[in-house]
Every structure is written in C-alpha cells, then in structure tokens.
Number of protein chains: 2
Amino acid sequence: MTPATPAISSRDLPHPAREEIRLEAVLHALADPMRLRIVRELAADGDELSCSHFALPVTKSTTTHHFRVLREAGVIRQVYRGTAKMNGLRRDDLDDLFPGLLDSVLVSAARQAARLGTG
Amino acid sequence: MTPATPAISSRDLPHPAREEIRLEAVLHALADPMRLRIVRELAADGDELSCSHFALPVTKSTTTHHFRVLREAGVIRQVYRGTAKMNGLRRDDLDDLFPGLLDSVLVSAARQAARLGTG
DNA sequence: CTCCTCGTACGGTAATCCTCGTAGTACGGG
DNA sequence: CCCGTACTACGAGGATTACCGTACGAGGAG
C-alpha cells in the first residue's frame, strides 16, 4: 500500500517556543531577499512545501542555511516526512505575537514586486 | 532677533527617493535593536528630534552609523538645522509604499517590550 | 542489499555589520 | 577670532553572515 503521507520521522528539529520568538529576529530573517522569497511562496502556495520545491538560484547548502535561519527565528515550522522536509509558516504564532506584521510584509513584498516587475 | 528655528544648512544629506526605497532595506534597518529603538522614539515623541536627544548605550560614532543606515534605507529623513541634525520618520512615504508595515512593526515592538518588561 | 534522492554537517572564503577611538568639520556665541 | 557643541569621516577590530564544495546520513524504490 502507498500511504499518502509517509510517517513523520523521529528526527526532530529545534524550534523556538512562541514566547521565545523575537521581533528583531523575525525582521532580520525577512530582510534577506532569498528568505523573503521563500516566505512569499509559502504564503501563496499554502504550507506543506518541501525544501526541494523551491528553485532558488543558490546551492542546496545555502538553501538549508536559509531555512534554518527562518526556523530559528520562528517564522517557519519544519518537519521531516520521509526524506522530505516539509515547511510551513507559523502564521498562528506570528499573528498572535505580532498582529498584522506578516500580512503587511507580504502585501508590501507583493506591491514592490509588482512595482519592479519582478515576479 | 532670535529665530525659533535656525536656518536649514546648505549641507545636504543623500536620501533615497520614494521609488528607490526597498522593503528588504527597510526590514534590515528595523531589525537592529538600537535602530528599532530610535524609530520607536521617533514615532512616539513626534518627528523633529536631534541625534543628541537619544541617549543610546553606544558611542556617538555608532549612533551616527545607525542614523545613516536608517536614512539610506528610507526610514527617516535628516536635515541640518544649525549644528543640530533633526530626524523625522518618513511616514508618508513608507505608508504609501508599504501600507500598514510601519504601524504593525511599532505595535509589535510595543507588545514585545510590554511582554518582556523592557521599556 | 543497492541505488538514488533529499537534506545535513563541516570547513572555508569573502562580504557585511556593529562597535569603537581619534581626528576633523560646520555652526553659533562671546 | 576663539571656543564649545554637534556631528562626521576614517580606520580598524571582532562578530556574524552568505555562499560554496564536498562528504555524509536517513529513508524510499527497485
């Protein structure tokens, strides 16, 4: 049989608790173009995207690095599912701590992208 | 006669035009604790504050550096008035480019400060 | 078991950043 | 003209960051 979703691996990744998330860290995480792009895709395509789904113009090592920064800042949640690592925005936590912040960043990024003709 | 406000000096400081302001640069500027503190004070006390008004726990050289980062990112506008340099938030430009962003950052910072018992 | 894919860990390089101290400039007042 | 105040410019140290290449581990498919 072919389970739709492979079992979640026992490998666990360190995430900050909700109360440990710092605004400065979140802003710093979102300030990088590559990471902002990742967050925008996560917000647009829904959450549950594997790392390899993103075709970033950097190597896999660097991609891993950026995902780690986002996770340690509390912006995304990562979970192993078989060999894949699924990524999801921590919308609930972020909206609770920083109401409106994520949305305004996403809107701002979209507006700027439209203004500059970049995706 | 004693003019209430000394003449604005001819020394001009380079500011990015509204269309040149980049979201990534703004987020990066706001991601530093010292600069976030400056922006919060500017938003609270109104704009027209001199650099020396801020009692930051760093030297004046470092303070100058942070103000420059904020100015070059398009977050604040600086103008010489006599020997003093007055600083003001570029609220209109920021709100036009990134609606809601500055406010949500300010609210988030205030909430976090209250939560952590830090000013 | 073997291969392939996905992602990590490690090590290294170049760039950026925060901080400082010192020296210097612009401006206003006596 | 001289001095004090406000801020800058320059140079440098130390930390962090972004990026890469290579080597490795974990898990599914044959």
Side-chain angles (χ1 to χ4, degrees), chain A residues 1-15 22 24-38 48-73 75-88, chain B residues 1-15 22 24-38 48-73 76-87:
Chain A
M1 101 185 183
T2 314
T5 56
I8 293 177
S9 164
S10 61
R11 290 186 280 173
D12 59 337
L13 299 153
H15 290 77
R22 291 290 172 273
E24 296 87 340
V26 171
L27 292 176
H28 172 250
L30 297 177
D32 183 272
M34 215 67 68
R35 292 194 291 261
L36 184 57
R37 175 168 162 176
I38 292 174
E48 281 303 285
L49 296 180
S50 68
C51 291
S52 56
H53 169 273
F54 300 85
L56 300 177
V58 290
T59 64
K60 269 194 297 184
S61 312
T62 307
T63 303
T64 296
H65 161 70
H66 284 308
F67 274 104
R68 183 195 329 228
V69 172
L70 286 170
R71 188 188 69 236
E72 292 179 347
V75 177
I76 65 172
R77 196 179 298 280
Q78 295 189 292
V79 134
Y80 280 104
R81 203 183 293 279
T83 65
K85 189 156 76 169
M86 307 309 289
N87 305 277
Chain B
M1 107 187 177
T2 314
T5 55
I8 294 178
S9 165
S10 60
R11 289 188 280 174
D12 58 337
L13 299 154
H15 289 77
R22 291 288 171 276
E24 296 88 340
V26 171
L27 292 176
H28 172 250
L30 298 176
D32 183 90
M34 216 67 66
R35 292 193 292 260
L36 184 56
R37 175 169 160 175
I38 292 174
E48 279 306 283
L49 297 179
S50 69
C51 290
S52 56
H53 169 272
F54 300 86
L56 301 177
V58 290
T59 64
K60 266 196 295 186
S61 313
T62 307
T63 303
T64 296
H65 160 70
H66 285 309
F67 274 104
R68 184 200 319 234
V69 172
L70 286 170
R71 188 189 70 235
E72 292 179 344
I76 66 173
R77 193 179 301 278
Q78 295 189 292
V79 135
Y80 280 103
R81 202 183 296 279
T83 65
K85 190 156 75 170
M86 308 308 290
N87 304 277

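The chains referred to below are lettered A, B, ... by the order of the sequence lines, with proteins before strands, and numbering in each begins at 1.
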Between D/dT17 atom C1' and A/L70 atom CG, what is the distance in whole Å? 14 Å
Atom CG of B/L49 and atom P of D/dA6 are separated, to the nearest Å, by 15 Å
Salt bridge (charged side-chain N to carboxylate O under 4.0 Å, His left out) involving B/E72 - partner list, sequence neighbours excluded: none
If the sugar-phosphate is the primed atoms plus P, OP1 and OP2 and the base is the rest, what is the B/S/- string for nucleotides 12-18 of chain C, using protein heavy atoms under 4.0 Å? -----SS
Cut-off 3.5 Å, side chains only: do A/T59 and A/T62 have a donor facing an acceptor? yes
Between B/N87 and B/Q78 (side chain of the first, backbone of the second, donor and acceptor by atom type, cut-off under 3.5 Å), is there such a pair? no
To the nearest Å, how far apart are A/Q78 CD and C/dC6 P? 16 Å
Are A/R68 and A/R71 close enough, and set up right, to give a side-chain contact (heavy atoms from CB on, under 4.5 Å), and what steps lead you there? CA-CA 5 Å; A/R68 183 195 329 228; A/R71 188 188 69 236; 3.7 Å; yes
For DNA chain D, the residues among residues 50-60 of chain A that have a non-hydrogen atom under 4.0 Å from it: A/V58, A/T59
Can you tell me the distance, in whole Å, between the CG atom of B/D12 and the P atom of C/dT25? 19 Å
Rounded to whole angstrom units, what separation is found between the CE atom of A/M86 and the C1' atom of D/dG27? 15 Å
Do A/P57 and A/M34 touch side chain to side chain, with heavy atoms closer than 4.5 Å? yes
A/R37 atom CZ is separated from D/dA18 atom P, nearest whole Å, by 16 Å
Do B/I38 and B/L49 come close enough that some side-chain heavy atom pair is under 4.5 Å? no
Per the atom types in the model, does the base of D/dG21 pair as donor or acceptor with the side chain of A/S61 at under 3.5 Å? yes
For B/R68 and D/dA9, is the shortest distance between a side-chain N/O and OP1 or OP2 below 4.0 Å? yes
Take atom CG of A/L13 and atom P of C/dA9, then tell me their distance rounded to the nearest Å. 8 Å
Under 4.5 Å between any side-chain heavy atoms of A/H53 and A/M86, yes or no? no
Nucleotide D/dG28, atom C1' - distance to OH of A/Y80 in whole Å: 16 Å
Could you go through the side-chain contact (heavy atoms from CB on, under 4.5 Å) check for A/R35 and A/H28 one step at a time? CA-CA 10 Å; A/R35 292 194 291 261; A/H28 172 250; 4.0 Å; yes
Which heavy atom of A/A73 sits nearest to which heavy atom of A/A25, and what is that distance? CB-O, 3.7 Å
